[in-house]
Amino acid sequence: MSAVLPAGPMAGAVEETTIAPAPDWWQSAVIYEVYPRSFADGDGDGVGDLAGLTARLPYIAALGVDGIWMTPFQPSPQVDQGYDVTDYCGVDPLFGTMEQFESLLAQAHALGLRILLDVVPNHCSSEHPLFRAALAASPGSPERGMFHFVQGRDGQTPPNNWQSVFGGRAWSRANPDSATDLDWYLHLFSAGQPDWNWRNPAVGDYFDGVLRFWFDKGVDGLRIDVAHALFKADGLPDSPSEGGVVDGLRSNPQVSDQEDVHEVYRRWRTIAEKYEPHRLLVGEVNLEPARAARYTRADEMQQAFAFAFVKLGWDPEAWAAVGNELEAARLEHGAAPTWALENHDIVRSVTRFGGGELGGVRARAALVALLGLPGAAYIYQGQELGLPEVEVPVEARVDPMWARGGVCRDGARVPLPWTENAALSHGFSLGEPAAEPWLPQPADWGSHAIELQEQDQDSALNLTKAALELRRQLWKNEVFTADDGGSWRVEAGNLLICKRNEHFLVAVAMGTEPVRLPAGTVLLTAAPLEQDGWLQPNNAAWVLR
Ligand code: BGC
């Protein structure tokens, strides 16, 4: 790793972290995604929790990020690890108490970290009181009107051909044993996650209350789960795609990207702007760039993840094509892309980029590149350690997607290794005795431990910190600005270039031979330069011109 600060104003010390008063703080932000189950276990029951996260907040603050996005910890039967909520305004005892959350929030703010929560508006848990009431009520009742209850075609065949994102059909019978209740209910995910009917205004009112509840508490923003799919096409027509599949990185006229959904985000933005500083809305909008960008128009969300980029392999042409598409979308709609390479749903970048040492080197280069791009960025816990995807033994897998025949996402969710020593689940558990972690840690997990990486100048962890510190200084010195855009190209030798502005570019050597870097001062590289002005394969550089 090498971070060179040029002489002059940028060489100054980094300022103390404090919550910036700027209403548009999110434009330059880097947010760290915490999957609470797997971050730190305060009470030693094998599942990470709020106490564990609170105890480990100084680690996150020391990374130099601006905030934390916490995936769901609200009451839930945990069918989909919390993405099946029974009470949107509570805390599941598995994770702790509301008092513990309030204390976490206060301590995070004191450390200069903002807190974003996950809101899951597409569906709830089948144990949610409103869904229980709907099941108990009769077909056609107002209770059923909160969800999509529809009579099957002939009592046995579901109302349409839609398939669940997790595999299998997207419908289940309301009362399978009843001869008179022939309703089915829609669940784009598991049967334990019934979809809300957003064409019913009562659903919108209910979620307004959820937003206000958390914003009143001082939560800084919300990540919106499956944000593009709340509205389904009127009449719930069959999907023309093969097998009725409804997911995918594309607009799907049956289940996603309906025009009506934008009204929800206009309303939510109005709510978010009633608070000072304005609250942030970041959407999981799994659509191609031109469509996703419509969710970040001036009066909708401030951010939507650049999903087209999230899953790319080591392919410079693909990076440049997606980068330029995102830039075109920014020019049309005004919001810079929100970058991520990893999250709790996808295969770790080390593994995606080839696995082993090669994957590790590439993942570092990709992270350095990402942090130099114009727009906000999200890092998923463990990405800063270069964790690979874990091959979780089949008998230990718990992901409902796997159970329904889809891919298994558990490999990106294995509890973090804090210590080299395996005791207390490599330091994941802070309480004693420590129960087995909810997903098993592999035998070599200790080699990635945070305590080791903190001592190693060349570790992925210290590279991430150096990149974040330099990024902060470049913003402070206005080398980076909110108006920056990305102009992407691939040069001879598969050198990927993203020119951020007249003064700054990111270069990634994605070929097999060393390539000459564009002229300028090299501020940061993912691995040391072996020869001045030349970038070795799988290295990335920030160049000041
Ligand atoms: C979340 C997943 C979850 C799904 C259903 C997603 O996009 O990130 O973890 O399974 O929504 O809520």
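Atoms within a ligand are numbered from 1 in the order they appear, just like the ligands themselves.
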* Asked: Within less than 4.0 angstrom of ligand 1, does Glu33 place any heavy atom?
  -> no

* Is the NZ or CZ atom of Arg144 both under 6.0 Å from the centre of the six-membered ring of Phe149 and within 45° of that ring's axis? -> yes

* **Within the 6.0 Å centroid threshold, strictly below: Trp418 and Phe39** => yes

* To do: Go through the steps for Asn122 and Tyr83 under the test side chain to side chain contact (heavy atoms under 4.5 Å, CB included), then give the verdict.
  => CA-CA 10 Å; Asn122 180 68; Tyr83 283 96; over 6 Å; no

* Ring centroid separation Trp214 to Tyr88 under 6.0 Å -> no

* Can you list the atoms of ligand 1 that are under 4.0 Å from a heavy atom of Arg409? -> 2 (C), 3 (C), 9 (O), 10 (O)

* Out of curiosity, is Met401 lining ligand 1, as in a heavy atom under 4.0 Å away? -> no

* Asked: Has His187 got any heavy atom lying under 4.0 angstrom from an atom of ligand 1?
  -> no

* Under 4.0 Å from any heavy atom of Asp80, which atoms of ligand 1 are there? -> 3 (C), 4 (C), 5 (C), 10 (O), 12 (O)

* To do: Could you check whether the rings of Phe147 and Trp196 sit parallel, tilted or perpendicular, using 30° and 60° as the cut-offs?
  => parallel

* If you count the atoms of ligand 1 from 1 in the order shown, which ones are under 4.0 Å from a heavy atom of Val226? -> 11 (O)

* Structure fact -> A student checking ligand 1 against Arg413 at a 4.0 Å heavy-atom cut-off should list atoms 9 (O)

* Do Gln78 and Arg37 meet the criterion of a side-chain donor-acceptor pair at a distance under 3.5 Å? -> yes

* Without hydrogens or angle criteria, can the side chains of Asp84 and Ser76 be said to hold a donor-acceptor pair below 3.5 Å? -> yes

* To do: Using heavy-atom distances, let me know which of Asp225, Val85, Asn122 sits nearest atom 1 (C) of ligand 1.
  => Asp225

* is_close_aromatic(Phe101, Phe73), centroid dist under 6.0 Å -> yes

* For ligand 1, which atoms, with element, lie under 4.0 Å from some heavy atom of His123? -> 5 (C), 12 (O)

* To do: Heavy-atom distances under 4.0 Å are what count here, so tell me which part of Tyr35 touches ligand 1: side chain, backbone, both or neither.
  => neither

* Look at the aromatic rings of His344 and Tyr35 and report parallel, tilted or perpendicular, splitting at 30° and 60°. => parallel

* Asked: For ligand 1, is any non-hydrogen atom under 4.0 Å from His344's backbone (N, CA, C, O), its side chain (CB onward), both, or neither?
  -> side chain

* Structure fact -> Residue, atom and distance of the protein heavy atom nearest atom 8 (O) of ligand 1 read Asp345 OD2, 2.5 Å

* To do: If you have a sec, work out which protein heavy atom is nearest atom 7 (O) of ligand 1 and how many Å separate them, to one decimal?
  => Glu284 OE2, 2.4 Å

